[in-house]
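Inspection log for the structure reproduced underneath, given as structure tokens.
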Amino acid sequence: MPAYLDPSIDDKEYLTGVSFASGGSGYDPQTPKIVAVFSFVDQLKQFKEYIQKLKDLVGEERTQYILANSLFIVVAGSDDLANTYFTIGIRRLQYDVATYADLLVSSASNFIKDIYELGARKIGVFGAPPIGCLPSQRTLDGGGLRLCVEEYNQAAQLYNKKLQPEIEYLNSTLARSRIVFIDIYNPLLAIIENPLQYGLEVVDRGCCGTGNVEVAVLCNKLVPTCLDDSKYLFWDSYHPTNKGYNILINQVLGKYIGDFF
Ligand SMILES: *[C@@H]1O[C@H](CO)[C@@H](O)[C@H](O)[C@H]1NC(C)=O
């Protein structure tokens, strides 16, 4: 799926879907500020521009049809919790975990209502993964053995426990919607606890560099990598490999796709 902002994008691509995702963003307005990426407010503005482009291309009626029948996937929360709350810690001074989770859920809920108002009907909302088991978080707070950080995992679970009923509430109150909470906490933890069952060997560090700290742009051509990334769950210290995403997304699709129809 091409990026909405890709300058070489073809008009035809607008009809089959684009991505508004901005790496490192989140529901907390502080999160995109810390890493200088697009906020959800920015992404909403881009979505409105996109809708106008669709209308110019195919007219009002077809635009509504495309919006109502497209699958919207909203993936956020990891950077809010792992980065803004725990690692940088600015929010930790103001909120306990439960209150911060409430703030994220309320922001997620408002965002979903906003895109619903603009015509979205089928919306999949990802919960938080076990952020305490991300290689970077093991390094930062997992002690000498780099264990999963229980406190971080519990925060992710608490957030999920608050998000899921809110999603179910929106699904039941917004007419003709199919709004689905997608659990990735349990499937990802199952892979981490039982990698061989999924054909993986290394789940506690990334393939790139030392695997313990390098992330995103710090993984580049100058940094050595593991020999076979298909044996690794994580590409860098934060993001899964293609293989990792493949395993996850196949499970998720199988489990939830029926809920959108
Ligand atoms: C969403 O609501 C519809 C009714 O509008 C219901 O049939 C469906 O089971 C709900 N989906 C989920 C995932 O709760």
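Side chains included, hydrogens not; waters and symmetry mates left out as well; all remaining heavy atoms used. Computed from a predicted structure; not experimentally measured. All ligand and atom numbering here is 1-based and tracks the order in the structure.
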Euclidean distance, Tyr85 OH relative to Tyr159 OH, rounded to 0.5 Å: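 If we round to the nearest 0.5 Å, Tyr159:OH and Tyr85:OH are 15.0 Å apart.
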Ring centroid separation Tyr4 to Phe38 under 6.0 Å: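 No, too far apart.
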I'd like a table of donor-acceptor pairs (distance under 3.5 Å, sequence neighbours excluded) in which one partner is a side-chain atom from residues 138-150, with atom names and distances.
unit_1 : atom_1 : unit_2 : atom_2 : d
Arg138 : NE     : Cys133 : O      : 3.3
Arg138 : NH1    : Arg146 : O      : 3.1
Thr139 : OG1    : Pro135 : O      : 2.9
Thr139 : OG1    : Arg146 : NE     : 3.2
Thr139 : OG1    : Arg146 : NH2    : 3.2
Thr139 : OG1    : Asn212 : O      : 2.8
Asp141 : OD2    : Tyr152 : OH     : 2.3
Arg146 : NH1    : Asp204 : O      : 3.1
Arg146 : NH2    : Pro135 : O      : 3.1
Arg146 : NH2    : Asp204 : O      : 3.0
Arg146 : NH2    : Asn212 : OD1    : 3.3

Residues in side-chain hydrogen bond (donor to acceptor under 3.5 Å, both in side chains) contact with Gln164, at least two apart in sequence or another chain: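 If we apply the side-chain hydrogen bond (donor to acceptor under 3.5 Å, both in side chains) test to Gln164, skipping adjacent residues, the hits are Glu168.
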Considering only distance and modelled atom types, tabulate donor-acceptor pairs under 3.5 Å from the side chains of residues 105-113, sequence neighbours left out.
unit_1 : atom_1 : unit_2 : atom_2 : d
Ser107 : OG     : Tyr27  : O      : 2.8
Ser109 : OG     : Glu166 : OE2    : 2.6
Asn110 : ND2    : Ser106 : O      : 3.2

Side-chain (Thr31) to main-chain (Gly26) donor-acceptor, under 3.5 angstrom: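 No, the answer is negative, given that no donor and acceptor are paired below the 3.5 Å cut-off.
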Those protein residues which place at least one heavy atom below 4.0 Å from ligand 1: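 These residues qualify: Asn171, Arg178.
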